[in-house]
Amino acid sequence: MNVKERVLLIAETKGISKTEFFKDVQLSYANFKGGQKNTALSSDAMVAILSKHPDISPAWLLMGEGTMMRKDERNVVSAPPAETAPSTAEGLGIYRQLVNALEQTVKAQEKTIQSLEGQVSLLQRK
C-alpha cells in the first residue's frame with residue numbers, strides 16, 4: 001500500500017467522504033485516483049494531513065509502519081499551520097519524523113533509479 005492509498009484509508013476509516021476530506025486538507029481528490037494514485041505525495045500535503053488529523057501516526061502515513069492511529073493520545077500534538085514553524089518539542093518531533101521518512105523514501109528511490117539505469121544500460125548493449 002503506497003502513501004496515497006493510506007491517505008484514502010484515513011478518510012474511509014474516519015467515515016469522512018473523500019470529497020470532504022480532501023477539501024478539508026486543501027488537496028485535490030483527482031491526485032488520488034487512477035494513475036495519479038501512484039505518484040509521490042509532497043511533504044506539504046503530508047504536513048497538512050497530519051495537522052488536520054493529529055491522531056494519525058506519522059510513521060504509518062509515511063512508511064506504513066505500525067498502526068494508523070497513535071497509541072498514546074496524550075502524545076498527540078495538533079501541528080500548527082504549514083506557514084508557521086512548530087514551537088514545541090512535540091511539534092518538532094512530528095516534523096523530524098516527516099523529514100526522516102522522506103529521506104528514507106529518497107534513498108529507496110535512488111536505489112531504484114540506479115537499478116533501472118543498470119537495466120537500461122544492459123538493454124542498450126543488446
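The shown structure was predicted, so the numbers you read here are calculated from the model rather than taken from an experiment.
Heavy atoms of other residues, nucleotides or ligands lying less than 6.0 angstrom from CD of Gln26 number 12 at most.
Under the rule for a salt bridge (Lys or Arg N to Asp or Glu O under 4.0 Å), the partners of Lys14 that lie at least two apart in sequence or sit in another chain are Asp55. Residues that satisfy the ring-ring contact (aromatic ring centres under 6.0 Å, His included) test with Phe22, not counting sequence neighbours, are Tyr29, Phe32.
Counting all heavy atoms, side chain and backbone alike, Ile56 lies closest to Met69 at CD1-SD, 3.7 Å. Across every non-hydrogen atom of Pro54 and Arg70, the tightest pair is O-NE, 3.1 Å. The shortest non-hydrogen separation linking Leu27 to Ala45 is CD2-CB, 3.7 Å. Val7 and Leu61 get closest at one heavy-atom pair: CG2-CD1, 3.7 Å. The two residues Val3 and Met46 have their closest heavy-atom pair at CG2-CE, 4.5 Å. Across all non-hydrogen atoms, the minimal contact from Gln36 to Ala30 is CB-O, 3.7 Å.
Between the Ser51 side chain and the Val47 main chain, a donor and an acceptor come within less than 3.5 Å of each other. Judged by distance alone, the side chain of Glu20 and the main-chain N or O of Ser17 form no donor-acceptor pair under 3.5 Å. With Ser115 contributing its side chain and Lys111 its backbone, the two residues share no donor-acceptor pair below 3.5 Å. Asp24 places no side-chain N or O within 3.5 Å of a backbone atom of Lys52 that could act as its donor or acceptor partner.
No single ILVMFWY cluster, assembled from side-chain heavy atoms under 4.5 Å apart, contains both Val99 and Met63. Under the 4.5 Å side-chain heavy-atom criterion for Ile, Leu, Val, Met, Phe, Trp and Tyr, Ile10 and Met1 are members of the same hydrophobic cluster.
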message = Could you walk me through whether Leu116 and Gln119 satisfy the side-chain contact (heavy atoms from CB on, under 4.5 Å) test, starting with their C-alpha distance in whole Å, then the side-chain angles of each, then the deciding distance to 0.1 Å, before giving a yes or no?
response = CA-CA 5 Å; Leu116 291 171; Gln119 290 176 10; 3.9 Å; yes
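Residue pairs satisfying the ring pair (Phe, Tyr, Trp, His ring centres under 6.0 Å) criterion with at least one member in residues 39-60, sequence neighbours excluded, are listed as follows: Phe21-His53.
The NZ atom of Lys33 sits 12.5 Å away from atom NZ of Lys4, with the distance rounded to the nearest 0.5 Å. Going from atom CD of Glu110 over to atom OG1 of Thr112 covers 10.0 Å, rounded to the nearest 0.5 Å. The line from CG of Leu50 to CG of Leu62 is 6.5 Å long, rounded to the nearest 0.5 Å.
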